[in-house]
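Here's the structure we're looking at; comments come further down.
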There are 2 protein chains.
Amino acid sequence: MKRPKEIKPAFTEARCAQHLSATEDAIYVIGGKWTLRIVIAVMSGHHRFNDLQRTINGISARVLSSELKDLELNGLVERVVLVDQKPVVTEYLPTDYTRTLREVISALAIWGEKHKKKITNRE
Amino acid sequence: MKRPKEIKPAFTEARCAQHLSATEDAIYVIGGKWTLRIVIAVMSGHHRFNDLQRTINGISARVLSSELKDLELNGLVERVVLVDQKPVVTEYLPTDYTRTLREVISALAIWGEKHKKKITNRE
DNA sequence: AATAGTAGTAAACAATAGGTTAGCGGTAAC
DNA sequence: GTTACCGCTAACCTATTGTTTACTACTATT
């Protein structure tokens, strides 16, 4: 017997538990303040340290450095040092795994735009 | 003249800036450790304080309380006190705006599952 | 009368994230 | 020679976040 005249949930009980666990894992990896922004910048062609720092507004070298190390550990960027270049150049490149985040980023970006409109309209 | 033989970016430069700004806004609102998990639980039919605390593994009353206040301010839950009930009952209900997060949650949940499989397989 | 649940709040504290400043070794341009 | 860019790193500090414990006021059950 199911609750007779109540709001029907947007997610079933099973989906709830599943979603709770899965989003917990996802947020653990990509939920940081900077993580996805770095990923977006790398996917957009910004591969160098200082280029990334310039592109991502407000990030400090210290934080960028430690975030890049985490991302590398998780396989979300690949760090490549080009030794044969005149000044040795370090590049952070997207991987196949990075590209699996495209739908997540798109969904977030779409929602973020809607939310911005909502906020700016009401004030 | 565009870079001749390089990896072509997954996002264009314009999309990059757009995505950076929009996801920044989105993460500001829903990027917290608990935010989306509470939203999922509320959308799944868990409407009461203690029910939420039981459902969301590891959250303390203090944090749940303050997160619910934030969510209410952002219009992502509605706090309803049922005064006519024998013991006064407080409910946290999803709103229309909450439901705009469905795609975001789905995308995150799908990615989180994939990521979990990836991690458990390699160890 | 005692216990337990409901919906929290207060206080005190610990942990983590993030920011600021400074600097290093190298190259290259002025 | 001095300045500046590159890719960082160390030390230090602050702010946010989260934890624990205890407690409130009320109701219902045993």
Side-chain angles (χ1 to χ4, degrees), chain A residues 6 20 23-42 45-74 76-94, chain B residues 20 23-39 41-42 45-74 76-94:
Chain A
E6 282 201 10
L20 274 177
T23 54
E24 184 179 343
D25 296 340
I27 287 170
Y28 184 76
V29 182
I30 57 174
K33 186 176 172 184
W34 301 107
T35 319
L36 277 185
R37 287 155 84 181
I38 296 169
V39 168
I40 292 166
V42 170
H46 301 274
H47 299 319
R48 307 265 296 272
F49 192 90
N50 285 350
D51 185 15
L52 287 168
Q53 204 186 345
R54 264 181 255 111
T55 306
I56 301 157
N57 217 303
I59 197 165
S60 66
R62 179 193 179 279
V63 170
L64 178 56
S65 173
S66 79
E67 292 281 333
L68 282 171
K69 273 174 196 158
D70 279 9
L71 286 170
E72 204 192 346
L73 279 175
N74 284 311
L76 288 170
V77 296
E78 191 189 356
R79 186 175 186 269
V80 177
V81 184
L82 306 172
V83 193
D84 49 335
Q85 295 270 337
K86 302 155 201 181
V88 175
V89 160
T90 313
E91 291 206 327
Y92 298 92
L93 301 174
Chain B
L20 274 177
T23 54
E24 184 179 344
D25 296 339
I27 287 170
Y28 183 77
V29 181
I30 57 174
K33 186 176 172 185
W34 301 107
T35 319
L36 276 185
R37 287 155 84 182
I38 297 169
V39 168
V42 169
H46 300 275
H47 299 320
R48 307 264 296 271
F49 191 90
N50 286 350
D51 186 15
L52 287 169
Q53 204 185 346
R54 263 180 257 113
T55 305
I56 302 158
N57 219 304
I59 197 165
S60 66
R62 180 189 179 281
V63 171
L64 179 56
S65 173
S66 79
E67 292 283 332
L68 283 171
K69 275 174 195 159
D70 278 9
L71 286 170
E72 205 193 343
L73 278 176
N74 284 311
L76 288 171
V77 297
E78 190 188 357
R79 187 176 186 268
V80 178
V81 184
L82 306 171
V83 194
D84 50 335
Q85 294 268 338
K86 302 153 197 180
V88 175
V89 160
T90 312
E91 292 206 326
Y92 297 91
L93 302 174

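A note on names: the letters A, B, ... follow the listed sequences, proteins ahead of strands, and every chain is numbered from 1.
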Rounded to whole Å, please give me the gap between CG in B:Leu64 and P in D:dG18.
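My rounded result for the distance is 12 Å.
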Kindly state each residue pair satisfying salt bridge (Lys or Arg N to Asp or Glu O under 4.0 Å) with at least one member in residues 29-38 of chain B, sequence neighbours excluded.
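Only A:Glu24-B:Arg37 qualify under salt bridge (Lys or Arg N to Asp or Glu O under 4.0 Å).
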With sugar-phosphate taken as primed atoms, P, OP1 and OP2 and all else as base, the protein-contact string of nucleotides 22-30 of chain D at under 4.0 Å (heavy atoms; B, S, -) is ------S--
Less than 4.0 angstrom between a side-chain N/O of [X] and OP1 or OP2 of [N], yes or no?
{"X": "B:Lys69", "N": "C:dG8", "result": "no"}
{"X": "B:Tyr92", "N": "C:dT6", "result": "no"}
{"X": "B:Ser65", "N": "C:dG8", "result": "no"}
{"X": "A:Thr90", "N": "D:dC6", "result": "no"}
{"X": "A:Asn50", "N": "D:dC6", "result": "yes"}
{"X": "B:Arg54", "N": "C:dA7", "result": "no"}

key: Flag side-chain contact, heavy atom, 4.5 Å: B:Phe49 against B:Thr90   =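 No, every pair of side-chain atoms sits at 4.5 Å or beyond.
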Exercise for the section: Check whether any side-chain heavy atom of A:Tyr92 lies under 4.5 Å from a side-chain heavy atom of A:Arg79, and answer yes or no. Expected result: yes
Every protein N/O lying under 3.5 Å from an N/O of nucleotides 13-18 of chain C:
from   : atom 1 : to      : atom 2 : distance (Å)
C:dG18 : N7     : A:Arg62 : NH1    : 3.3
C:dG18 : O6     : A:Arg62 : NH2    : 3.4

A:Gly32 and B:Ile27 have their tightest heavy-atom pair at O-CG2, 4.1 Å
(message) By nearest heavy atom, map A:Gly58 and B:Arg48 onto DNA chain C; which one lands nearer the 5' end?
(response)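 Nearer the 5' end of the strand: B:Arg48.
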